[in-house]
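Encoded as structure tokens, the structure appears first; notes follow it.
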Amino acid sequence: MNADNDYLSTLRHLWEKSLILHDTSLFNKTLYFYFLDSLAHIDYTCSIYAFNYQSPKNIIGGEYMRWRIDEEKKGDRAKFPAFIAWLKEEHPEKFATLPSLWQMLYDPEDPAGYRSFRIVLDPDSRQPIPPEVLVAIIEEFFDQDFLKSLYEDASLSTLFTTYLNGCKA
């Protein structure tokens, strides 16, 4: 694909975001892993559309994606997808405030998922995700209220702890 396309602009939009106003060392570790993981999948999805599949950028991105498969199985990370499904049932008002990508990916009733590390919202469609949809998803992940909820003592993190304690009971 032509590198001067809408997906390159979408990548630039992602890369220009900043977390400088946040101390990510105080984020809940599992939530932070999935936050960064989502950004990596957005980056990889856009990169596949913007550059040749065998470009160094896409090869490097693919290597990270292979590494993260084992990482998501460690510790509390393995419980994150079920936590999001639990939120939908037990705290629908909080679920509704999550980034739409998390709502779609971790809702067992939604067909969205990762296919070869690429985000696929509709497995029956052969059309790429429109760039404006990806920009909207990026904006949701950088919404200040969402970012504040990732802190260890904040709302989403507290609910995650509640969920984990219920799993152990």
Side-chain angles (χ1 to χ4, degrees), residues 10 14-15 17-48 58 60-125 129 133-169:
T10 304
L14 173 62
W15 297 336
K17 292 295 185 183
S18 175
L19 294 169
I20 197 161
L21 298 177
H22 294 276
D23 184 350
T24 58
S25 69
L26 299 177
F27 282 2
N28 175 288
K29 302 302 180 224
T30 299
L31 299 179
Y32 186 54
F33 172 85
Y34 277 93
F35 168 75
L36 289 180
D37 187 64
S38 296
L39 298 182
H41 280 281
I42 293 167
D43 178 85
Y44 187 77
T45 299
C46 291
S47 295
I48 289 295
N58 289 333
I60 292 166
E63 289 301 315
Y64 164 78
M65 296 298 168
R66 278 188 273 290
W67 169 82
R68 61 134 337 253
I69 290 172
D70 290 332
E71 290 300 306
E72 75 179 5
K73 297 173 186 170
K74 293 180 178 177
D76 292 337
R77 293 176 186 167
K79 296 179 174 105
F80 180 80
F83 163 66
I84 300 298
W86 175 81
L87 272 182
K88 182 181 178 187
E89 295 298 319
E90 300 296 325
H91 299 276
E93 70 292 341
K94 188 62 178 175
F95 177 82
T97 68
L98 295 176
S100 59
L101 186 62
W102 281 5
Q103 291 178 34
M104 293 181 281
L105 290 175
Y106 302 112
D107 180 349
E109 298 170 12
D110 195 301
Y114 297 130
R115 307 292 188 277
S116 300
F117 309 127
R118 186 174 45 87
I119 299 166
V120 175
L121 302 180
D122 179 1
D124 295 329
S125 173
I129 300 169
V133 172
L134 291 163
V135 167
I137 289 170
I138 291 165
E139 287 302 310
E140 291 172 352
F141 277 104
F142 286 91
D143 175 80
Q144 291 305 304
D145 288 336
F146 171 70
L147 289 172
K148 289 175 189 173
S149 76
L150 300 178
Y151 283 94
E152 201 65 56
D153 61 349
S155 60
L156 190 59
S157 182
T158 302
L159 285 168
F160 187 56
T161 302
T162 300
Y163 172 77
L164 293 175
N165 288 338
C167 289
K168 296 172 186 168

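Because the structure is a prediction, the values reported are computed rather than measured. In what follows, residues are counted from 1 in the order of the sequence shown.
- Residue His41 holds its NE2 atom at 12.5 Å from OG of Ser47, rounded to the nearest 0.5 Å.
- For residues 146-162, no pair satisfies salt bridge (charged side-chain N to carboxylate O under 4.0 Å, His left out), with sequence neighbours left out.
- Not counting sequence neighbours, Asp70 has no partner by the side chain to side chain donor-acceptor pair (under 3.5 Å) test.
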For residues 108-115, dump all side-chain donor-acceptor pairs below 3.5 Å to protein atoms at least two apart in sequence or in another chain.
from: Asp110; atom 1: OD1; to: Ala112; atom 2: N; distance (Å): 2.9
from: Arg115; atom 1: NH2; to: Pro111; atom 2: O; distance (Å): 3.4

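- Partners of Lys74 under the side chain to side chain donor-acceptor pair (under 3.5 Å) rule, at least two apart in sequence or in another chain, are Glu71.
- In this structure, Phe160 and Tyr163 have parallel ring planes: the angle between them is below the 30° cut-off, well short of the 60° mark.
- Checked against side chain to side chain donor-acceptor pair (under 3.5 Å), Ser125 has no partners two or more places apart in sequence or in another chain.
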| Evaluation steps, side chain to side chain contact (heavy atoms under 4.5 Å, CB included), between Leu87 and Ile84 | CA-CA 5 Å; Leu87 272 182; Ile84 300 298; 4.3 Å; yes

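- Shown here for Ser116 and Tyr44, the closest heavy-atom pair between the two residues is O-CE2, 3.6 Å.
- Taking the ring pair (Phe, Tyr, Trp, His ring centres under 6.0 Å) definition, one finds that Phe27 meets it with Tyr32, Tyr151, sequence neighbours left out.
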| query | Could you go step by step and tell me if Tyr34 and Phe83 meet the side chain to side chain contact (heavy atoms under 4.5 Å, CB included) rule? | reply | CA-CA 12 Å; Tyr34 277 93; Phe83 163 66; over 6 Å; no

| field | side chain to side chain contact (heavy atoms under 4.5 Å, CB included) assessment of Leu134 paired with Cys46 | value | CA-CA 8 Å; Leu134 291 163; Cys46 291; 3.6 Å; yes

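- Evaluation of the salt bridge (Lys or Arg N to Asp or Glu O under 4.0 Å) rule for Asp107 yields Lys88 as partners, not counting sequence neighbours.
- Pairs engaging residues 31-41 under the salt bridge (charged side-chain N to carboxylate O under 4.0 Å, His left out) rule: Asp37-Arg68 [sequence neighbours left out].
- At least one side-chain heavy atom of Phe146 sits under 4.5 Å from a side-chain heavy atom of Leu156.
- Under the 3.5 Å distance criterion, the side-chain polar atoms of Ser157 are left unmatched by any main-chain donor or acceptor of Asn28.
- Counting only residues at least two apart or on different chains, no salt bridge (charged side-chain N to carboxylate O under 4.0 Å, His left out) pair has a member in residues 157-166.
- With rounding to the nearest 0.5 Å, the separation of OG1 in Thr24 from CG in Leu147 is 10.5 Å.
- For the pair Phe35 and Leu19, the minimum side-chain heavy-atom distance is below 4.5 Å.
- Partners of Lys17 according to the side-chain contact (heavy atoms from CB on, under 4.5 Å) rule, which considers only residues two or more places apart in sequence or in another chain, are His13, Ile138, Glu139, Phe142.
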| query | Can you list the steps and then say if Leu164 with Thr30 is a side chain to side chain contact (heavy atoms under 4.5 Å, CB included)? | reply | CA-CA 12 Å; Leu164 293 175; Thr30 299; over 6 Å; no

Let me have the donor-acceptor pairs involving side chains of residues 91-105, under 3.5 Å, with sequence neighbours excluded, atom names and distances please.
from: Lys94; atom 1: NZ; to: Ser155; atom 2: OG; distance (Å): 2.8
from: Thr97; atom 1: OG1; to: Lys94; atom 2: O; distance (Å): 2.7
from: Ser100; atom 1: OG; to: Glu140; atom 2: OE1; distance (Å): 2.7
from: Ser100; atom 1: OG; to: Glu140; atom 2: OE2; distance (Å): 3.4
from: Trp102; atom 1: NE1; to: Ser38; atom 2: OG; distance (Å): 2.7
from: Gln103; atom 1: NE2; to: Phe95; atom 2: O; distance (Å): 3.1
from: Gln103; atom 1: NE2; to: Ala96; atom 2: O; distance (Å): 3.3
from: Gln103; atom 1: NE2; to: Leu98; atom 2: O; distance (Å): 2.7

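- Remark: Ile69 pairs with Lys73, Phe117 by the side-chain contact (heavy atoms from CB on, under 4.5 Å) rule, at least two apart or across chains.
- A 4.5 Å side-chain heavy-atom check between Ile137 and Ile119 finds every atom pair outside the cut-off.
- Taken to the nearest 0.5 Å, the CG atom of Asp43 stands 11.5 Å off from the CG atom of Leu36.
- Closest non-hydrogen pair, Ser25 versus Lys29, comes out as O-NZ, 2.8 Å.
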